[in-house]
Each structure stands twice: as structure tokens, then as C-alpha cells.
Q: 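Got a structure for you, written out below as C-alpha cells; questions coming shortly.
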Amino acid sequence: MNNEKYYQTTTLPYVNANPHIGHTLEFVQADVVARFKRKKLGEENVWFNLGADEHGLKMYQKAKEKGVTPQEYVDEYSKNWKEFCDLFLISYDTFYRTSDPSHHKLAQEWWLRSEANGDIYKKEYTGLYCVGCEEFKTEKQLVDGKCPDHGVEPIVVSEENYFFKLSKYRDDLLKWLDSGEILKPDHKKAELKNWISAMEDISISRVKEKLPWGIEVPSDPTQVMYVWFDALTDYINVLKDPTEFAREGFDKDAGIDNWWPGVQFFGPDNLRFQGGVWQGMLASFGVAHTRKLLNHGMVLAADGTKMSKTKGNGVSPFEQQEKYGTEAVRFYLIAGISTFADSPYKEEDLKNLYNAHLADNFGNLLNRVIVLSNKYGIDYSDSNNIDSEFKSKVDGFVSEIESLLEKFELQSAVQKIIELASFGNEYISEHQPWSKEKTEKEREQILSNLAYLIKNVAEQYSYIIPESANRALDMLIKKESGVLFAKID
RNA sequence: CGCGGGGUAGAGCAGUGGCAGCUCGACAGGCUCAUAACCUGUAGGUCGUUGGUUCGAAUCCAACCCCCGCAACCA
């Protein structure tokens with residue numbers, strides 16, 4: 001029995017944001033790994049967490065605008081996020097919500113622990129405060145010294161906040177980052193280390209009067225925790241108390257020690273939070289650092305620049321899904337988008353890659369093997385008919401694919417799956433089982449070999465396109481010919 | 001001189017001292033079991049610019065040009 005346990009989490013999006021293509025990339029990447037790990041380690045040994053960050057000023061303001069309570073507001077939005085995950089077949093085990101009472105309790109416990117370690121202190125903070133926005137502004141946010149939204153000069157306000165001694169952990173974090181292959185991609189290390197070397201203590205609370213929607217500081221009811229401080233603790237809180245957040249049938253044994261340290265997926269803007277702030281917090285809590293930080297790239301618009309609302313060059317995951325289907329989008333995000341580097345999202349590429357690799361290469365191979373075997377009445381299901389040399393070649397591909405997946409090199413892994421399917425097409429062309437010269441015995445061996453190859457391709461594809469891959473296996477077993485992947489025009 | 005990444009075929013990328021590669025796209029031939037598919041082959045690149053080191057540079061060094069991200073709700 002394998003007792004290795006694997007835990008991974010994505011970042012928690014602000015719940016009032018609309019899911020965009022970057023979230024889709026992060027979730028799909030994480031989902032592919034989770035599905036792979038479940039296959040290798042067993043369902044019960046894999047835990048894939050996802051969730052929503054539900055506190056903060058934005059949520060509070062939006063709820064007020066809509067005339068609903070913040071809780072009602074976040075309930076609605078969390079539901080949308082879950083639907084988004086379902087739409088893209090994201091097989092999370094827990095969907096964590098920071099507005100949940102159990103999260104409040106646990107976040108407060110961590111606060112007290114950090115405080116007991118002498119890492120939290122009170123300090124006066126002075127800043128430019130816009131009364132209209134009810135928030136502090138930085139100099140750069142101002143236009144001609146005035147708030148761009150309200151056209152009013154902000155006033156200088158001082159308030160007392162709690163601060164976290166992040167600077168205390170600089171050396172610890174720098175040492176940890178050099179202790180192994182912690183961060184992917186490697187070239188982001190310089191950036192992170194730069195930031196860590198200069199990191200200062202951070203404000204981790206707000207005056208409750210100004211921001212009633214948050215978690216109370218345990219020792220001071222006039223203050224609430226700053227969203228980052230509470231939200232980040234989710235990654236380990238869920239391991240303590242998963243009951244409220246788990247999918248039906250979830251029965252994983254809880255406890256940090258069983259599952260942590262885990263693997264974290266996050267985007268480019270989160271590098272300093274996940275790699276710096278959160279790691280400092282973990283050190284303060286006396287909990288191990290993250291096992292692996294996976295920093296995916298940014299999905300850029302087709303012209304290679306950042307997607308933005310003002311430029312109107314954004315790509316909506318919902319539109320893409322409607323246009324091409326869930327699995328085509330999933331496939332493109334893994335096969336066409338660089339796993340760790342910034343990449344442009346081009347619909348033309350999505351179509352080409354889908355047509356070339358799924359319809360023409362794999363889908364067509366599947367169909368031709370089934371049609372041939374039906375035509376000649378061949379049973380390819382007997383594994384004794386598989387040629388051993390052929391089998392070891394296929395197995396070699398599979399082990400290469402798996403070792404790439406172990407290293408989270410998702411795009412390279414798909415390339416290998418594609419190569420394996422191509423090998424099938426080359427093989428069938430070379431051996432021509434349709435030729436009149438072939439004996440039944442020869443046809444049986446050729447088609448058995450190919451059936452074995454197809455089965456393996458489908459199994460590897462099942463992490464990326466789970467529904468189609470299962471359908472492929474089903475068609476193969478039932479010898480049911482047909483078009484599995486229709487071409488996209 | 002804020003920090004970091006990048007500039008290689010029409011497109012997306014790999015290649016960190018030894019004959020310029022991969023996928024897609026384009027084109028030609030072959031095959032006919034198959035989804036106008038598949039197989040084989042062809043075309044297409046002064047590797048951002050200039051200078052240097054070297055027997056030899058896409059790769060190392062220097063300077064410069066250009067693009068992108070972060071710094072500012074945002075994966």
C-alpha cells in the first residue's frame with residue numbers, strides 16, 4: 001500500500017471578481033495534476049483545495065450598493081465560482097470559504113500563536129485617506145493630488161494598526177529558497193529573493209469601524225484582520241476542519257501533519273504573497289514552508305500584451321467554453337499555453353491544436369482501428385497478442401509522460417502524449433493492416449498493438465480531457481466506431 | 001541607471017561553446033482502413049543591432065535598440 005499523501009491548493013480569488021482566463025489556467029493546471037496524482041497514489045491520498053476569499057472592503061461596499069448583507073452577497077458569488085469550476089471539470093475536494101465561522105476561529109488561533117511568538121505589534125500608520133472611497137490612497141493613485149474617483153484631495157489620517165514582523169524572517173526565507181527546487185520556474189527566484197531581502201513589516205489589521213466585514217482581532221475587538229492575513233491561513237485551516245467545505249463523499253482524515261507541506265499553484269502577481277508573506281507567516285506559526293511553489297505565467301491577449309478591460313482585448317472563459325467546449329479550452333490551456341511562462345491566447349491556435357492533435361491525430365487513429373477490426377472481424381482485446389517490443393516502446397512513452405507530470409511540466413507531458421499517438425499513426429501506415437496481403441494473424445497482432453497504444457494514450461489524456469478520454473476507452477472496448485473529436489471550423 | 005522576463009522560419013516555442021531544431025500553418029508526392037484524415041518529403045531563418053573573446057558564438061563579454069510584466073483591484 002502506498003501511504004504517500006499529496007495536498008495541493010490554488011490561490012483564493014476575491015469572490016466578487018469575475019472568473020477570467022487566468023483563473024481558468026490555474027485551476028485547470030491544478031486539476032490535471034490532481035487527477036494524475038489520484039491515479040498514482042489513490043483517491044484517498046490526494047487532496048485538492050480551492051476556495052474563495054470573501055472578506056475585505058470591496059465586498060462590503062458592493063453588498064451595501066446592492067442592499068444585501070455581505071454574507072448574502074458572498075454566498076451568491078461563491079456559488080458562481082463553484083459553477084465555474086463545475087463548468088471546467090475542476091475536481092476540487094474542498095471549496096474553502098473565508099466567511100465560514102470555522103475559518104474565523106482558526107484564523108484567530110493563528111493570530112494568537114503569532115502574537116505569542118512576539119511577531120505582532122501595534123504601530124501608528126499615517127496615510128492619505130479619501131473620505132469618498134473610505135480608503136487609504138497611495139501618492140501614485142492620485143491624479144493632480146486628488147482622488148480620481150471623487151475629485152477631492154485626500155486628508156492625512158493616522159490610525160493604529162497591528163503589524164506583522166515579516167522582516168524577522170528574511171534570512172530564514174532566503175535560506176529556505178536555496179534549500180532545493182522550491183519555486184518553479186527557476187528564473188523567478190531572483191525576483192522573489194530581491195523582494196524578500198527588502199521586505200518590511202506589514203500592516204495586518206484595519207479599524208473595524210471603517211471595515212466591519214472581516215475577522216475580529218482576538219485581543220482587540222476594535223480591529224479586524226487585513227484580508228491577506230486571514231485568507232492565506234486557509235491553505236492550512238482546511239486541513240484542520242474540512243467538514244464544512246468538502247464535496248459529498250469526502251472522507252479524508254484531517255490534520256495538518258498528514259497533509260502539509262503541500263503544493264501551491266498561483267499566478268504572477270501572487271509571487272510575493274505566496275513566496276514571501278505567507279512563508280513568513282508559516283514560520284511564525286511554527287509550521288513548515290510550502291513544499292513546492294508553482295508560479296504559472298500570465299495569459300496575454302493575442303497581441304502579446306496584457307488583457308485589460310479598457311483595451312477590450314480580454315478573453316472570456318465562458319465565451320470560449322461556449323464556442324469550443326470545455327475540453328477544447330482545457331486542452332489548449334495545457335498544450336498551447338506555456339506552463340510557467342507568459343503566453344498569448346490565440347483562438348486560431350486553439351483550433352489548430354485541437355484539430356491537429358485530438359481530431360486528426362488521436363481521434364482519427366481510434367476510429368480507424370475500430371473500423372478496421374470490425375471490418376475484418378478482429379478481436380484486439382487479448383493482451384497476449386501484443387508484441388513485446390511494441391509494448392515496451394509504448395510503456396517507455398508512458399513512463400516519460402509520468403515523469404514529466406511528476407515535475408509539473410504539463411506542456412511537455414502533452415507533447416509526449418501527442419508523440420505517442422503519432423507513433424500509432426506511423427505504425428499503422430507502415431504495417432497496413434488493410435492490405436490484402438495480410439493474414440488474419442498479422443492483422444490481429446497489428447490491431448492489438450494499436451489498441452494497447454490507444455488505451456495508454458487515452459489514459460494519459462484522461463487528466464486533461466477526462467470525459468473524452470473515458471469515451472475513447474469506452475468506444476475501444478465496445479468497438480464502437482465514430483467521430484469522437486469533431487473538427488472545429 | 002526601480003525590479004524581473006524576453007527578442008531564433010508566417011505563428012507559438014526549444015536550443016546556454018561544435019553542421020540552426022520542435023509543433024502548428026503552407027506546398028508537393030504517396031496511400032486509401034479513417035474525421036478532405038494518415039504517411040513521406042519540400043520550401044521558409046544574415047538566431048534584435050554593433051563590437052569583442054575564441055580554432056569555432058544563437059550560446060560567453062560589452063554597449064545599444066525594441067517588446068512585455070511587476071511596482072497600482074486583478075492568476
Side-chain angles (χ1 to χ4, degrees), chain A residues 10-14 16-27 29-30 56-58 135 137-142 148 185 187-195 197-198 265-274 294-309 314 335-338 340-346 348-376 411-412 414-415 418-419 422 424-435 438 443 446-447 450 481-487:
Chain A
T10 62
T11 45
L12 278 69
Y14 271 110
N16 77 320
N18 277 321
H20 55 57
I21 202 75
H23 297 116
T24 322
L25 174 69
E26 181 168 322
F27 293 179
Q29 282 190 351
L57 191 66
K58 282 250 153 64
E135 65 180 343
K137 298 280 176 188
T138 60
E139 299 267 0
K140 284 187 176 176
Q141 284 175 297
L142 303 175
H187 66 75
K188 290 269 182 174
K189 205 157 117 176
E191 189 181 340
L192 181 56
K193 283 172 87 173
N194 262 337
W195 188 78
S197 307
F265 292 78
F266 58 94
D269 60 325
N270 252 267
L271 181 63
R272 60 191 54 183
F273 285 104
Q274 307 303 336
L294 303 175
N295 189 2
H296 65 253
M298 177 172 289
V299 182
L300 303 166
D303 63 0
T305 64
K306 192 182 173 182
M307 293 181 188
S308 82
K309 276 181 193 148
I337 298 289
S338 181
F340 298 110
D342 299 353
S343 283
Y345 187 103
K346 300 193 174 194
E348 209 46 44
D349 287 354
L350 181 151
K351 288 188 231 173
N352 283 338
L353 292 179
Y354 182 88
N355 286 340
H357 300 309
L358 292 182
D360 297 346
N361 188 9
F362 177 55
N364 184 46
L365 178 66
L366 170 74
N367 192 40
R368 55 201 302 211
V369 167
I370 294 170
V371 168
L372 274 168
S373 72
N374 286 340
K375 184 170 174 182
Y376 294 103
Q411 193 183 23
S412 306
V414 190
Q415 291 308 323
I418 290 167
E419 265 182 54
S422 285
N425 274 311
E426 286 160 32
Y427 179 84
I428 198 171
S429 293
E430 194 191 330
H431 290 84
Q432 309 186 14
W434 54 83
S435 160
K438 295 287 182 226
R443 285 201 182 101
I446 296 164
L447 293 175
L450 286 163
S481 64
V483 173
L484 175 58
F485 302 100
K487 290 249 234 178

Q: Working to the nearest 0.5 Å, report the span between CG of A/L366 and CG of A/L358.
A: 11.5 Å
Q: Taking a pair as Watson-Crick or G-U wobble with both distances under 3.5 Å, which nucleotide is matched to B/C74?
A: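 With both distances under 3.5 Å required, B/C74 matches none.
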Q: If pairing requires Watson-Crick or G-U wobble contacts with both distances under 3.5 Å, which nucleotide is the partner of B/C19?
A: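 B/C19 is paired with nothing.
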Q: So which one's nearest nucleotide on RNA chain B is more toward 5', A/L300 or A/D269?
A: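 Its nearest nucleotide being more 5', the pick is A/L300.
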Q: Determine which nucleotide pairs with B/A14, using a 3.5 Å limit on both distances of a Watson-Crick or G-U wobble pair.
A: none
Q: Look at the side chain of A/R272 and decide which nucleotide, out of B/C24, B/C38, B/A71, has an atom nearest to it.
A: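 Closest nucleotide to the A/R272 side chain: B/A71.
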Q: Does B/U53 have a Watson-Crick or wobble mate here (both distances under 3.5 Å), and if so which one?
A: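 In the structure as shown, B/U53 has no Watson-Crick or wobble partner.
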Q: Output a table of nitrogen or oxygen pairs between the protein and nucleotides 28-33 of chain B separated by less than 3.5 Å.
A:
unit_1: B/C33; atom_1: O2; unit_2: A/R368; atom_2: NE; d: 3.1
unit_1: B/C33; atom_1: N3; unit_2: A/R368; atom_2: NE; d: 3.3
unit_1: B/C33; atom_1: N3; unit_2: A/R368; atom_2: NH2; d: 2.5
unit_1: B/C33; atom_1: N4; unit_2: A/R368; atom_2: NH2; d: 2.8

Q: Across the strands shown, which category fits A/H187 at heavy-atom distances under 4.0 angstrom: base, sugar-phosphate, nothing?
A: sugar-phosphate
Q: Please tabulate, one pair per line, each protein N/O and nucleotide N/O from nucleotides 9-12 of chain B that are separated by under 3.5 Å, including the distance.
A:
unit_1: B/A11; atom_1: O3'; unit_2: A/K346; atom_2: NZ; d: 3.2
unit_1: B/A11; atom_1: O2'; unit_2: A/K346; atom_2: NZ; d: 3.4

Q: Quick one: which of B/C70, B/C74, B/U23 gets closest to the side chain of A/Y14?
A: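 Nearest to the side chain of A/Y14 among the choices is B/C74.
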Q: Kindly write out the residues that satisfy salt bridge (charged side-chain N to carboxylate O under 4.0 Å, His left out) with A/K346, not counting sequence neighbours, or none if the list is empty.
A: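 A/K346 satisfies salt bridge (charged side-chain N to carboxylate O under 4.0 Å, His left out) with no residue once adjacent residues are dropped.
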Q: Please, which pairs that meet salt bridge (Lys or Arg N to Asp or Glu O under 4.0 Å) have at least one residue in residues 356-370 of chain A, sequence neighbours excluded?
A: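 Qualifying pairs, neighbours excluded: A/D360-A/K487.
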Q: Describe the nucleic acid contact of A/G297 in one word from base, sugar-phosphate, nothing, applying a heavy-atom distance below 4.0 Å.
A: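 Base: the residue A/G297, judged by heavy atoms under 4.0 Å, touches a nucleobase.
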Q: Which nucleotide, in any strand shown, forms a Watson-Crick or G-U wobble pair with B/G45, with both distances under 3.5 Å?
A: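 Pairing partner, where one exists within any strand: none, as none qualifies.
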Q: When all nucleic acid strands are considered with a 4.0 Å heavy-atom cut-off, which category describes A/H357: base, sugar-phosphate, or nothing?
A: sugar-phosphate
Q: If the C1' atom of B/A26 is compared with that of B/A63, how far apart are they to the nearest Å?
A: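 Roughly 40 Å separates the two C1' atoms.
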Q: Take atom P in B/G51 and the same atom in B/A14, then report the distance between them in whole Å.
A: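 So the two P atoms sit 28 Å from each other.
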Q: Has the side chain of A/K351 got a donor or acceptor that lies under 3.5 Å from a partner of the other kind on the base of B/C24?
A: no
Q: Which is more 5' along RNA chain B, the nucleotide nearest A/G22 or the one nearest A/N352? Just name the residue.
A: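 Nearest nucleotide further toward 5': that of A/N352.
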Q: OP1 or OP2 of B/G4 sitting under 4.0 Å from any side-chain N/O of A/N194?
A: yes
Q: Who passes salt bridge (charged side-chain N to carboxylate O under 4.0 Å, His left out) against A/E426, sequence neighbours left out?
A: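 Checked A/E426 against salt bridge (charged side-chain N to carboxylate O under 4.0 Å, His left out); zero matches.
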Q: Regarding A/G304, tell me which of base, sugar-phosphate or nothing describes its non-hydrogen contacts under 4.0 Å with the strands shown.
A: sugar-phosphate
Q: Quick one: ring pair (Phe, Tyr, Trp, His ring centres under 6.0 Å) partners of A/F273, sequence neighbours excluded?
A: A/W228
